[in-house]
Amino acid sequence: MEENSEHKVSWLESACAVPAGSTYLDVKKAFQWKNDVLMVNTGDEAKELRSKVCGDCDVVPLTFDDARARWALRHTAAHVLAQAVMRLYPEVKLGIGPAIEDGFYYDFDSPVSFGPDALAKIEEEMKKIVSENLPVTREEVDKEAARSLFAQDNQPYKLELLEDLPEGETISLYRQGEFVDLCAGPHVPSTGYVKAFKLLSVAGAYWHGDEKQAMLQRIYGTAFVKQNDLDKYLERLEEIKKRDHRRLAKDLDLFSLQEEGGPGLVYWHPKGSIIREEVENFWRQEHRKRGYDIVYSPHIAKLDLWKQSGHWGWYRDSMYAPMAIEEVEYLLKPMNCPFHILIFRNDTRSYRDLPIRTAELGTVYRYERSGVLHGALRVRGFTQDDAHLFVRPDQLVEEIVGVLELTQFMMETFGYKEYEYMLSLRDPQDKSKYVGDDDVWEPAQEAIETALKRKGISYKVDLGEAKFYGPAIDVKIKDALGRMWQGPTIQVDFNLPERFDIAYIGEDGARHRPVMIHRTVLGSMERFIAGLVEHYAGAFPMWLAPVQVQVIPVSEKQASYSEKVTAALKDAGLRAVSDLGSAKMGYKIRQAQLQKVPYMLIVGAKEAEAGTVSVRHRAEGDLGAVALDCFVRQAAEEVSTKSLNPIVTKADPKGGD
RNA sequence: GCCAGCGUAGCUCAAUGGCAGAGCAAUUGAUUUGUAAUCAAUAGGUUAAGGGUUCGAUCCCCUUCGCUGGCUCCA
């Protein structure tokens with residue numbers, strides 16, 4: 001993977017918009033490559049050279065094929081987009097246009113709305129700008145000059161952005177042809193670099209992301225250095241579409257949403273219910289092993305309870321309107337915590353009883369605005385795998401560690417291998433969104449950090465992501481396509497125990513306040529299983545597959561043997577189906593393949609004679625004939641070990657040919 | 001909720017200001033087959049719902065509902 005220096009310099013140019021006149025030597029003195037990482041040389045000479053080469057763009061160590069070059073390219077692509085739009089629609093006002101994770105966007109305030117036709121037209125114009133290969137140049141001006149420039153262009157949003165910049169600071173502008181934009185850079189040297197790009201979609205977006213501000217039209221696109229990478233990205237989008245849980249849930253008959261029943265409410269069909277049941281059984285078993293008590297609680301409770309818990313004050317926007325029952329108002333539950341607290345409070349608790357771990361597959365209802373609903377991933381009624389741990393302060397860290405271990409174990413069982421840990425803290429700017437004072441928030445945060453450190457887990461801090469009652473660890477999990485999903489969440493809460501005045505009797509005979517840990521491992525059944533559908537692309541591991549084995553007779557003469565095989569499988573606890581329809585065998589195999597049934601057993605005259613089955617695996621194909629009892633044993637083992645991969649292997653030689 | 005787009009048979013999709021169609025699935029019959037689609041027939045629709053324009057609307061306009069992509073929000 002040795003790259004020559006010239007090539008590296010061209011990448012560097014890409015990343016920094018090297019001004020005309022800088023030489024290869026300049027570049028070489030300012031930077032050096034170490035194992036494909038661009039390091040900034042230290043020392044005054046290097047610093048000076050660096051500023052000559054790169055203006056004031058802050059070059060940071062950068063991996064060779066990373067980020068920075070692609071970022072610059074996409075940022076320039078965004079400018080090309082804006083330039084094209086301005087050529088076609090001169091009356092448009094420009095918002096902002098940054099590079100993002102997988103591409104770029106630009107926001108426009110336009111009197112005409114951009115449909116698919118407009119998008120195609122804009123893309124054509126962009127191609128023209130690219131072929132013009134306009135040099136991208138950086139200019140530095142003072143604020144006054146920038147102000148008059150954008151005032152003259154009649155660009156109110158740019159003027160607003162300008163006002164947010166500190167007074168007296170130099171303003172950088174980037175110019176390509178007739179187009180000029182307020183921009184920090186960096187960019188690629190000319191528009192000709194933007195070869196492999198594509199516009200993807202238009203969407204509304206609020207100015208400054210604030211729903212009280214104007215709504216602009218955002219055009220999304222993506223760009224890559226090489227065409228090949230763009231093609232690969234577009235293929236990946238196709239793959240994501242194919243795996244979409246809404247598509248697969250329909251094809252595999254797992255669950256549905258019913259227009260007549262109302263949006264955001266999930267109907268679990270028999271096959272989806274089997275998956276859910278398996279997940280829930282596994283969940284229960286693992287929780288019992290770890291000393292959890294599993295409970296059930298009601299779906300409604302008096303309004304007063306929600307007032308006491310603080311939900312009515314802090315969470316009302318997400319709750320459904322009260323209903324009057326015999327003149328007392330009740331609310332549908334959006335969370336399970338108050339119920340578990342009532343169960344805790346039902347008895348006098350000793351310090352010896354703690355920790356008490358109360359778990360429930362609790363169905364909650366939350367008002368989600370119509371526009372945010374998304375398949376089964378974002379719904380209005382869902383079942384959380386919830387638990388509340390009531391612990392003594394001295395047990396807090398240890399219990400958080402226990403929860404972290406449980407979540408890791410469960411995620412791994414489902415085949416999720418990579419995680420990102422986020423420490424969600426209060427928004428320091430606006431503490432009014434949270435209940436309780438610093439003296440309860442700080443120990444909570446400290447306990448979480450200690451637990452994470454004890455497990456040697458590195459994490460990022462997410463300000464403003466805390467729940468209203470406490471800070472949290474939010475775990476993001478990476479699926480088979482490399483996408484990150486919200487996974488387990490662990491929250492420490494000193495507030496609700498206070499509000500409900502719960503206590504345990506300590507060694508000293510006095511009342512002490514327990515601490516609560518709120519946590520979910522899977523999140524919700526709806527979201528988690530929808531995520532699993534996409535993670536496995538519908539091909540569930542054996543233990544979760546709704547149908548585990550499909551028995552397919554070669555002709556109707558083997559109907560009774562087929563039934564016998566199916567009965568043996570069922571006796572072993574396997575979910576087996578015998579396909580006795582009049583269709584051809586090939587057709588039945590196709591159906592089973594499309595339903596992603598793990599194993600198909602083909603039984604013809606030979607097998608009936610020898611007491612064997614011909615095994616076909618959905619991914620491995622034909623595995624040959626094995627003795628029936630041998631297959632049953634291996635299949636049952638694959639289920640009981642929750643194996644992610646098939647363990648039934650090529651034929652046992654005794655079993656047949 | 002906001003912006004844009006979409007809504008035709010169970011599913012995937014055609015069509016047109018003038019009789020609404022195909023493939024798959026379903027049903028029935030024939031066929032009994034060796035590792036991804038046997039043949040034929042039948043049935044299936046208030047074109048999301050309501051209103052308007054028109055001699056005539058699935059198509060044009062309005063309202064409502066739902067979905068999709070985003071924004072904001074979130075398990």
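In what follows, every chain begins at residue 1, and chains take the letters A, B, ... in the order their sequences are listed.
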Nearest of B:rC2, B:rC67, B:rU32 to any side-chain atom of A:Met215? B:rC2
RNA chain B nearest-nucleotide lookup for A:Leu216 and A:His374: closer to the 5′ end is A:Leu216
Just by distance, no angles: are the side chains of A:Ser256 and A:His269 close enough, under 3.5 Å, to form a donor-acceptor pair? yes
Of the listed nucleotides B:rC67, B:rC73, B:rG69, the one nearest the side chain of A:Arg246: B:rG69
Are the ring of A:Phe382 and the six-membered base ring of B:rA75 within the stacking cut-offs of under 5.5 Å and under 30°? yes
note: A:Tyr206, atom OH; B:rC73, atom C1'; distance rounded to Å ~ 10 Å
Filtered N/O pairs between nucleotides 7-9 of chain B and protein, under 3.5 Å:
none

What nitrogen or oxygen pairs link the protein and nucleotides 10-14 of chain B at under 3.5 Å?
| residue | atom | partner | partner atom | Å |
| --- | --- | --- | --- | --- |
| B:rU12 | OP1 | A:Arg247 | NH1 | 3.3 |

What residues 583-595 of chain A contributes to the RNA chain B interface at heavy-atom separation below 4.0 Å is A:Ala583, A:Lys584, A:Met585, A:Gly586, A:Tyr587, A:Ile589, A:Arg590, A:Gln593, A:Leu594
Interatomic distance where CZ belongs to A:Arg369 and P belongs to B:rG66 [whole Å]: 15 Å
Tell me the stems RNA chain B sits in, counting at least three consecutive Watson-Crick or G-U wobble pairs, each under 3.5 Å on both distances. B:1-7 with B:65-71, B:10-13 with B:21-24, B:26-30 with B:38-42, B:48-52 with B:60-64
Could you tell me if the side chain of A:Leu544 sits less than 4.5 Å from the side chain of A:Phe414, heavy atoms only? yes
Return the value, rounded to whole Å, for the distance between atom CD1 of A:Ile552 and atom P of B:rU33. 16 Å
When A:Gln384, A:His388, A:His340 are each screened for side-chain contact (heavy atoms from CB on, under 4.5 Å) with A:Glu360, the one that passes is A:His340
Please state how far atom CG in A:Asp107 lies from atom C1' in B:rA4, giving the value in whole angstrom units. 14 Å
Establish, yes or no, whether the cationic atom of A:Arg290 lies under 6.0 Å from the six-membered ring centre of A:Phe409 and within 45° of the ring axis. yes
Which distance, rounded to the nearest 0.5 Å, do you find between the CG of A:Leu389 and the CG of A:Asp493? 12.0 Å
Residues A:Asp474 and A:Ser424: side-chain donor-acceptor under 3.5 angstrom: yes
Report the distance from atom CZ of A:Phe108 to atom C1' of B:rG70, rounded to the nearest whole Å. 15 Å
Among the nucleotides B:rA36, B:rA75, B:rG69, which one has an atom lying closest to any side-chain atom of A:Arg366? B:rA75
Show me the pairs that pass ring-ring contact (aromatic ring centres under 6.0 Å, His included) and involve residues 473-492 of chain A, at least two apart or across chains. none
Find which nucleotide of RNA chain B each of A:Gln217 and A:Gln558 is nearest to by heavy atoms, and output the residue with the more 5' nucleotide. A:Gln217
Below 4.0 angstrom, which residues in residues 517-535 of chain A have at least one non-hydrogen atom near RNA chain B? A:Gly523, A:Ser524, A:Arg527
Assess, by modelled atom type and distance only, whether the side chains of A:Ser297 and A:Lys333 contain a donor and an acceptor separated by less than 3.5 Å. yes
Quick one: does A:Tyr267's side chain get under 4.5 Å of A:Phe255's, heavy atoms only? no
Side chain A:Gln491, main chain A:Pro471, donor-acceptor under 3.5 Å: no
Would you mind telling me which of B:rU35, B:rU72, B:rU32 lies closest to the side-chain atoms of A:Ile602? B:rU35
